[in-house]
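Only a predicted model underlies this, so the values are computations on that prediction, with no experimental measurement involved. Position 1 is the first residue of the sequence, and the numbers go up from there.
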Amino acid sequence: MSTTNFKLTRGTKQLIKSAINETQSNNRYVLCAKIADNVVSRYNGLNLDYQLERMGLQTTGQILEAIDTFFFKHMSHKPQQ
C-alpha cells in the first residue's frame, strides 16, 4: 500500500470526514461501507461512474487506500493532549 503517493481530492476528504462523523468509528471497513453508501446516495446513474473515476474510488481497495492515506496524512501527526 502506497499511502504517501496517493492523492486525495477535496471530495474524497469530505466523504471520509463525513463517514467518520456519521459512524464515530476509525475502523477502515466500517468507513469503507459508509463511504460507498454515501457515494451511491449522492451520485446516481452515469454521474456515479464519472465521480468514482474522478475521485479514484472505483474499487473497495481504492476506498481503503484513501482512508489509510487520510489517517496517515491528517490524523497521525496531531500532538497528543
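- To the nearest 0.5 angstrom, Y43 atom OH is 13.0 Å from D49 atom CG.
- Of all heavy-atom pairs spanning G56 and Q62, the tightest one is O-CB, 3.2 Å.
- Between F70 and K13, the shortest heavy-atom contact is CE1-O, 4.3 Å.
- In the hydrophobic cluster analysis, where Ile, Leu, Val, Met, Phe, Trp and Tyr join through side-chain heavy atoms closer than 4.5 angstrom, L15 is grouped together with L52.
- Between S25 and L31, the shortest heavy-atom contact is O-CD2, 3.6 Å.
- By the neighbour-count criterion of 12 heavy atoms within 6.0 Å, atom CD of E53 is sparsely surrounded, having that number or fewer from other residues, nucleotides or ligands.
- In this structure the side chain of R28 reaches within 4.5 angstrom of the side chain of D68, judged on heavy atoms.
- If you take CD on Q14 and CD1 on I35, they are separated by 11.0 Å, rounding to the nearest 0.5 Å.
- Looking at T69, its side chain does come within 3.5 Å of a backbone N or O of E65 through a donor-acceptor pair.
- A continuous path of hydrophobic side-chain contacts links I16 to L48 [ILVMFWY only; heavy atoms under 4.5 Å].
- Distance check, rounded to the nearest 0.5 Å: CG of N27 to CD1 of I20 gives 11.5 Å.
- Not one N or O on the side chain of T12 forms a donor-acceptor pair closer than 3.5 Å with the backbone of L8.
- Under the 4.5 Å side-chain heavy-atom criterion for ILVMFWY residues, a single connected hydrophobic cluster contains both M55 and F71.
- Rounding to the nearest 0.5 Å gives a distance of 11.5 Å between CG of N47 and CZ of R42.
- The nearest pair of heavy atoms linking C32 to I67 is N-CD1, 3.6 Å.
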